[in-house]
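Everything on this sheet refers to the single structure shown next.
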Amino acid sequence: MIIYFSGTGNSRYVALSLGNLLHQSVLSLSDTPVHEINEADKTLIMVFPVYSWGIPPLVAEYIRGFNDSFIEDVRMKDTAVIMVCTCGDETAMAPEMFRKEWRKRGVDVKAVWSVTMPNNYVLLPGFDVDSDATERKKLSDSASRIRHIADSISAEAWKSDVVRGNWPRLKSRLIYPLFRRWGISPEKWHVSDRCVGCGLCVKACPVHNVRLESGRPVWGKDCVSCTACYHACPVNAVSYWSMTKEKGQYMCHLKPIGSDS
């Protein structure tokens, strides 16, 4: 079983590719109520992006929400719980955060991997999407990395194989809490007069937090700072305060590996 969370499509691409390669079912975390997960498989692979050198709060909440009966089934079947995260550059201590959440449920994580994908975070000064050349290189390299992870899972070659980067503890222990406290602000989203009312921002939001009113998007209180609404806008009308001014856009449109088989 593979459960994924994705905003701009990086983690969705990785999850669906792993599903094809491993012949496993793939579920969207956002569209699958946690109480509906009742029976464990041989493996439970959770795929999601790194958020500010940590795990998305939504993912942590999902782990905490699993039924006790499901957790007991995981223990009885010795299900291999696995983390596969996507990151623009590095994970810092995100694997430890993931392991900690599962340890609270009495389950040890078997393995963690990271897949480097194009950057999409644009909500702070100095953060922007990658250059076209870097984006192409990351996307090109991702296929072999995903296949390597799939082969390792098939062989039960459990390990920790992630790109941590410099000063991982500082980033995760200092910056991630600040992101949790100040980095998710639905009220900062707005739309300019360029908006054409196409509704693509509504469709892109993985947590269904954007709706159209009189042909213009309105944001609710359940924002997770995935930036999908910004990147999906075809006329660059969506803005996050002034932070996204003159920044680029990115959505992953790769066809999952094995889709033609």
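- Hydrophobic side-chain contacts under 4.5 Å tie Val218 to no other Ile, Leu, Val, Met, Phe, Trp or Tyr residue.
- The shortest heavy-atom contact between Met1 and Glu39 is CE-O, 3.5 Å.
- For CD of Glu187, the number of neighbouring non-hydrogen atoms (other residues, nucleotides, ligands) closer than 6.0 Å is greater than 12.
- In this structure, Ser152 OG and Asp161 CG are separated by 7.5 Å, a value rounded to the nearest 0.5 Å.
- Under the 4.5 Å side-chain heavy-atom criterion for Ile, Leu, Val, Met, Phe, Trp and Tyr, Trp241 and Val122 are members of the same hydrophobic cluster.
- Between Thr116 and Asp141 there is no side-chain heavy-atom pair separated by less than 4.5 Å.
- Under the 4.5 Å side-chain contact rule for hydrophobic residues, Val191 and Val235 do not share a cluster.
- Across Pro177 and Ser172, no two heavy atoms sit closer than the pair CD-O, 3.3 Å.
- No single ILVMFWY cluster, assembled from side-chain heavy atoms under 4.5 Å apart, contains both Val115 and Met251.
- In this structure, Ile37 and Leu27 have side chains that are in contact, with non-hydrogen atoms separated by less than 4.5 Å.
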Tell me, with the steps shown, if Val81 and Lys110 meet side-chain contact (heavy atoms from CB on, under 4.5 Å). CA-CA 6 Å; Val81 175; Lys110 292 285 189 182; 5.7 Å; no
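- Between the CD1 atom of Ile55 and the OG1 atom of Thr91 there is a distance of 12.0 Å, given to the nearest 0.5 Å.
- Taking the centre of each ring, Tyr240 and Trp219 stay at or above the 6.0 Å mark.
- Salt bridge present: Asp68 and Arg105 bring a charged side-chain N and a carboxylate O closer than 4.0 Å.
- Using a distance-only test at 3.5 Å, with no hydrogens or angles considered, no donor-acceptor pair links the side chain of Thr43 to the main chain of Ile45.
- For the pair Leu22 and Ser154, the minimum side-chain heavy-atom distance is below 4.5 Å.
- Taking the centre of each ring, Phe48 and Phe98 come in below the 6.0 Å mark.
- Atoms CE and CD1, on Met97 and Ile63 in that order, are 12.0 Å from each other to the nearest 0.5 Å.
- Between the side chain of Arg12 and the backbone N or O of Ser6 there is no donor-acceptor pair closer than 3.5 Å.
- No donor-acceptor pair closer than 3.5 Å links the side chain of Lys247 to the backbone N or O of Val129.
- His208 and Asp31 form a side-chain donor-acceptor contact under 3.5 Å, judged by distance and modelled atom types alone.
- Side-chain contact between Pro118 and Asn10 is present, with heavy atoms from C-beta onward closer than 4.5 Å.
- Pairing each heavy atom of Val238 with each of Thr244, the nearest pair is O-OG1, 4.2 Å.
- Remark: Ser28 OG to Ile3 CD1 distance equals 10.0 Å, nearest 0.5 Å.
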Take Trp102 and Ile71, measure what side-chain contact (heavy atoms from CB on, under 4.5 Å) needs, and give me the verdict at the end. CA-CA 10 Å; Trp102 277 101; Ile71 296 298; 3.8 Å; yes
Could you walk me through whether Glu61 and Arg64 satisfy the salt bridge (Lys or Arg N to Asp or Glu O under 4.0 Å) test, starting with their C-alpha distance in whole Å, then the side-chain angles of each, then the deciding distance to 0.1 Å, before giving a yes or no? CA-CA 5 Å; Glu61 293 169 8; Arg64 295 168 195 161; 5.6 Å; no
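- Taken to the nearest 0.5 Å, the NE2 atom of His231 stands 12.5 Å off from the SG atom of Cys252.
- Distance check, rounded to the nearest 0.5 Å: NZ of Lys138 to OG of Ser131 gives 8.5 Å.
- Tracing side-chain contacts under 4.5 Å through hydrophobic residues (I, L, V, M, F, W, Y), one reaches Trp167 starting from Leu174; they form part of the same cluster.
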Please test Ile82 against Ile153 for side-chain contact (heavy atoms from CB on, under 4.5 Å), starting from the C-alpha separation and ending with a verdict. CA-CA 9 Å; Ile82 298 163; Ile153 293 173; 4.1 Å; yes
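- In summary, the side chains of Asp130 and Tyr250 do not present any donor paired with an acceptor at a separation below 3.5 Å, with no hydrogens or angles considered.
- Crowding of Lys255 atom NZ: a count of heavy atoms from other residues, nucleotides or ligands under 6.0 Å not exceeding 12.
- Between Leu18 and Val47, the shortest heavy-atom distance links the atoms CD1-CG2, 4.4 Å.
- No donor-acceptor pair under 3.5 Å is formed between the side chain of Asn67 and the backbone N or O of Asn38.
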Kindly indicate, with the supporting measurements, whether the criterion salt bridge (Lys or Arg N to Asp or Glu O under 4.0 Å) is fulfilled by Glu96 and Arg169. CA-CA 10 Å; Glu96 281 68 28; Arg169 286 179 173 79; over 6 Å; no
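- The shortest distance between side-chain heavy atoms of Arg164 and Pro95 falls below 4.5 Å.
- Counting only heavy atoms from C-beta outward, the side chains of Tyr230 and Asn236 approach each other to under 4.5 Å.
- Of all the heavy atoms in Leu44 and Thr79, the pair that sits closest is N-CG2, 3.6 Å.
- The hydrophobic cluster containing Tyr4 also contains Ile146, counting ILVMFWY residues as joined when their side-chain heavy atoms lie under 4.5 angstrom apart, directly or transitively.
- Annotation: side chain of Phe127 is not in contact with side chain of Met243 (no heavy-atom distance under 4.5 Å).
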Show the numbers, then the answer: is there a side-chain contact (heavy atoms from CB on, under 4.5 Å) between Val163 and Asp89? CA-CA 7 Å; Val163 180; Asp89 296 294; over 6 Å; no
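- The heavy-atom pair separating Ser11 from Phe5 by the smallest distance is CB-O, 3.2 Å.
- The side-chain heavy atoms of Ser225 and Leu123, taken from C-beta on, include a pair separated by under 4.5 Å.
- Remark: the backbone N or O of Lys137 is not paired with any side-chain donor or acceptor of Ser140 at under 3.5 angstrom.
- Side-chain N or O atoms of Thr86 include none that pairs as donor or acceptor with a backbone N or O of Val14 at under 3.5 Å.
- Here the side chain of Lys188 pairs no donor or acceptor atom with the backbone of Gly183 at under 3.5 angstrom.
- Ion pairing between Lys104 and Glu101 holds under the 4.0 Å rule for side-chain N and carboxylate O.
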